[in-house]
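One structure is given below, encoded as structure tokens.
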Amino acid sequence: MPNDLLLALSGLLAGVFGALLGLGGGILIVPILTLGFGLSLTSAVGTSLICVIATSTGAAAINVRAGRADVRLGITLTAGTVVGAVSGGILAGIIPERLIAGIFSVLMLYTALTMVRGIARRDAEVDGDAQLSVQPAAPDGPGAPEYRNRRVPAAVGASFVAGNVSGLLGVGGGIVIVPLMRLVMGAPMRVAVATSNFMIGITAAAGAYAYLFRGDIDVRLAAPVIIGVAIGAAIGAALSARVHATWLALLFVAVLGYVAYEMGVRAVFGR
Amino acid sequence: MTDGTPLGRWIAGTLRLGTLAAVLALGVGLVASILGGDAGRAGRGGARPIGDVVAAGGAEAVLAGGMLTLAGLPLAVLAVTAAGFARAGERRRALTTLVVLALLAASLMAGIALAPSAS
């Protein structure tokens, strides 16, 4: 199968997966590009960040219009993620990679276990039907969703961590943002996913510009991946409205477990 | 449920148009590149500063244009969002959005400033 088609299919898969769960797809794209297509890690991370923007814009175009994304909450948290992405890019040259991987692995494991407990308790926000009982698009005021004002300082602090994750690992930060909105603020899973989709493109852009202008991205190779991602993101965003929230949460927990394992291996064996 | 407010329409419209423009440019550039003989291999120049790719012209310059459109879309979305909040009288939200926009613009400037000199 020609390279372009393989690259596009990889992007499509990452886009569907990412939009479905509020992630950018970088968790799939970086290993696919490095292990499958032999790219350097730097080039793969740079390409991944551009792909995260494509996932974000493709999914958010649907989610915002559908009223599923809380733009107001997203903007508040983005202030933290963008600052974090810049500091993450700086810290990448200072903090040992294995230490970063180890801390991240523990964090992901803890988050996965906490989400599983929430699913097991059949939390109302997760174990609901496809319809949202809140209005995430409502402006501030009496009609605003209650989760929007819950533990905001802690949420902004955690979004700073998400931004650092983005800058350090070449992902959009959704892997931290979605559980943050779910567990810290109590947002429904579907709102957390849609709002994360809106945010991660902005976060990824903060790190992507350096890669783009420094010359770390092969535009010819990245093009089919990005096209695939953009199409996949639109499909994933449409699908996420039809998937039961519990299944979304379970799939997200599986991703957290996989990431925790991969980061743990990297921390212990240094690969 | 849909967000029929001006804010929601503006943001969704910007995202939709911008993504479509970027994907179209990337698609046209990709087809031109394949027809020109680059069938799925890395570009003749490999990874290069985006400024150099644009300056070189040809199919890869079109690809670079699509990529720059996509990379600039978050800036456009933030600008539209700030305008939407201001129009709705949500001044605190508008100010927060402008701060985020300024941070992102600073990242862009830093990226350009750190680019290697044109080869």
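Quick note on labels: first sequence line is chain A, next is B, and so on, each numbered from 1. Computation of the quantities below employed the complete heavy-atom set of this structure, encompassing side-chain atoms and omitting hydrogens, waters and symmetry-equivalent molecules.
Between A/Arg214 and A/Asp216 there is a salt bridge, since a side-chain N of the basic residue sits under 4.0 Å from a carboxylate O of the acidic one.
Nearest heavy-atom pair across A/Leu49 and A/Gly207 is CD1-C, 3.8 Å.
Between B/Leu73 and B/Thr69 the shortest side-chain heavy-atom distance does not fall below 4.5 Å. Residues A/Val191 and A/Arg68 form no side-chain contact, since every pair of their non-hydrogen atoms from C-beta on lies 4.5 Å or further apart. With contacts defined as side-chain heavy-atom distances shorter than 4.5 Å, the pair B/Ser107/A/Tyr209 qualifies.
Of all the listed residues (A/Ala234, A/Gly46, A/Ala54), the one sharing the greatest number of non-hydrogen pairs under 4.5 Å with chain B is A/Ala54. Looking only at heavy-atom pairs under 4.5 Å with chain A, the residue among B/Thr96, B/Leu70, B/Val23 that has the most is B/Leu70. Among the candidates B/Leu75, B/Thr19, B/Leu114, the residue making the largest number of heavy-atom pairs closer than 4.5 Å to chain A is B/Thr19. Residue with the most contacts toward chain A among B/Thr81, B/Leu26, B/Val53: B/Leu26 (heavy-atom pairs, distance under 4.5 Å). Between chain A and the residues B/Met109, B/Arg93, B/Arg16, the most heavy-atom pairs under 4.5 angstrom are made by B/Arg93. Contacts with chain B were tallied for A/Ser43, A/Ala85, A/Pro224, A/Ala233; A/Pro224 has the most, counting heavy-atom pairs under 4.5 Å. Contact count against chain B (heavy-atom pairs under 4.5 Å) is highest for A/Asp140 among A/Asp140, A/Thr203, A/Ile231.
With a 4.5 angstrom heavy-atom cutoff, B/Leu78 touches chain A only via side-chain atoms. Neither the backbone nor the side chain of B/Ala110 comes within contact range of chain A, judged by heavy atoms closer than 4.5 Å. The parts of A/Ile75 that come within reach of chain B are both its backbone and its side chain, each placing non-hydrogen atoms under 4.5 angstrom from that chain. Using a 4.5 Å cut-off between heavy atoms, A/Asn63 makes no contact with chain B at all. Residue contact with chain B, scored on non-hydrogen atoms closer than 4.5 Å, involves the backbone and the side chain of A/Ala206 alike. Contact of A/Phe198 with chain B is made through the side chain alone, with heavy-atom distances under 4.5 Å.
Rounding to the nearest 0.5 Å places CE of A/Met199 at 9.5 Å from OG of A/Ser56. Distance check: B/Leu30 CG to A/Arg220 CZ gives 5.0 Å after rounding to the nearest 0.5 Å.
In this structure a side-chain-to-backbone donor-acceptor pair under 3.5 Å is missing from A/Thr195 to A/Ala192.
Every residue meeting the side chain to side chain contact (heavy atoms under 4.5 Å, CB included) condition with B/Val99, not counting sequence neighbours, appears here in chain and number order: B/Leu103.
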